[in-house]
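Below: the structure, in structure tokens.
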Amino acid sequence: MNFARGLVTLSIALAICLAWWLFRAQPEPPAPVAVAATPVAAPAPTPVIVQAPPPQPVQVEAPVVPPAPPQQVVLEPAPAAPTLPDPRSAPDTALNDFLRIVDTGDYATAAETYAQIPPNMTAAQFVAALQQSPNFPQLVQMVTDTTRAAQGVTPVFNDTGDIAVYNFQTPVDGQNSIRWRKINGQWFLDAIGN
């Protein structure tokens, strides 16, 4: 054990000597040497180009135009747009308008415009009730066919002129006539057949 202790002591002593020698062994920095300064020529001056500001725009006044002499403005009412007569005012135009509406498939408008709807129903309710029937498509076809046939027939009017009956030479969809009635100056589909 003495030998190991001696070896450790020797290692520590060598480490201390080595450290002293490393720090001591470095050369000291050389002393500064005086060097004669050589004059350095100053850089040549760079020419600076100065631009003049752009010229300011000159305000020119607009030429003076004398005012136009006053004119008299006469306001006249615009002409009224021509009003088309109500197609329900004559039986022939009522037939044509009824067919035009039915051909679009708008049965509620056709009923509202040309049918005598019970007072407790709307046109939509009236058409809905008719559509409940399984024969509704045949009914529409019969009304359309008899109305088209009536376009080529001269109606027979009653004595007061408020009922127009279109009689067919041969039955149309099993019907021999179609009747229209005038109520408050407007013609409505009244009945089909006798």
Review point. Are Ile192 and Val165 co-members of a hydrophobic cluster defined by side-chain heavy atoms under 4.5 Å apart?
Key: no
Review point. Is a side-chain N or O of Asp86 found less than 3.5 angstrom from the main chain of Arg88, in a donor-acceptor match?
Key: yes
Revision key, fill the gap. Heavy atoms of Ala115 and Phe126 approach each other most closely as CB-CE2, 4.2 Å
Exercise for review: Could you tell me which non-hydrogen atom of Met121 sits nearest to which non-hydrogen atom of Ile117, and how far apart they are?
Suggested key: O-CG2, 3.6 Å
Point to revise | From Asn167 atom CG to Arg179 atom CZ, the distance as rounded to the nearest 0.5 Å | key: 11.0 Å
Practice item. Check Val127 against Ala111 and note the closest heavy-atom contact, atom names and distance. Key: CG2-CB, 3.8 Å
Point to revise | Nearest heavy atoms of Leu189 and Trp180, plus distance in Å | key: N-CE3, 3.4 Å
**Study point:** Check ion pair Asp103-Arg148 (N to O, under 4.0 angstrom)
**Key:** yes
Review point. Does any N or O in the side chain of Ser133 come within less than 3.5 Å of the main-chain N or O of Leu130, such that one atom is a donor and the other an acceptor?
Key: no
Exercise for review: Please report the C-alpha distance between Asp97 and Arg100 in whole Å, then the side-chain angles of each, then the deciding distance to 0.1 Å, and finally whether the side chain to side chain contact (heavy atoms under 4.5 Å, CB included) criterion is met.
Suggested key: CA-CA 5 Å; Asp97 192 49; Arg100 179 188 63 78; 2.8 Å; yes
Exercise for review: Of all the heavy-atom pairs spanning Tyr166 and Ala150, show the shortest one and how long it is.
Suggested key: CD2-O, 3.4 Å
Practice item. With sequence neighbours excluded, tell me which residues meet ring pair (Phe, Tyr, Trp, His ring centres under 6.0 Å) with Phe168. Key: none
Review point. Looking at side-chain heavy atoms only, is the closest gap between Ile178 and Val143 below 4.5 Å?
Key: no
Check your understanding: Between CD of Gln138 and CG of Asn135, what distance do you get to the nearest 0.5 Å?
Key -> 5.0 Å
**Study point:** Stepwise side chain to side chain contact (heavy atoms under 4.5 Å, CB included) test for Ile101 and Tyr114
**Key:** CA-CA 10 Å; Ile101 296 169; Tyr114 289 104; 4.1 Å; yes
Review point. Is it true that Val102 and Met142 fall in one hydrophobic cluster, defined by side-chain heavy atoms closer than 4.5 Å?
Key: yes
Review point. Shared ILVMFWY cluster between Leu95 and Val153, side chains joined below 4.5 angstrom?
Key: yes
Practice item. Compare all side-chain heavy atoms of Thr144 with those of Leu99 and state whether any distance is below 4.5 angstrom. Key: yes
Review point. Do the side chain of Ser177 and the main chain of Gly193 share a donor and acceptor less than 3.5 angstrom apart?
Key: yes
Exercise for review: Answer yes or no: are there more than 12 heavy-atom neighbours, outside Asp159 itself, under 6.0 Å from its atom CG?
Suggested key: no
Review point. With sequence neighbours left out, what residues match Asp162 under side-chain contact (heavy atoms from CB on, under 4.5 Å)?
Key: Asn158, Thr160, Lys182
Check your understanding: Closest approach of Val172 and Thr146, non-hydrogen atoms and distance?
Key -> O-CG2, 3.7 Å
Practice item. Could you state whether Phe98 and Leu139 fall into the same hydrophobic cluster, counting links through intermediate Ile, Leu, Val, Met, Phe, Trp or Tyr residues with side-chain heavy atoms under 4.5 angstrom apart? Key: yes
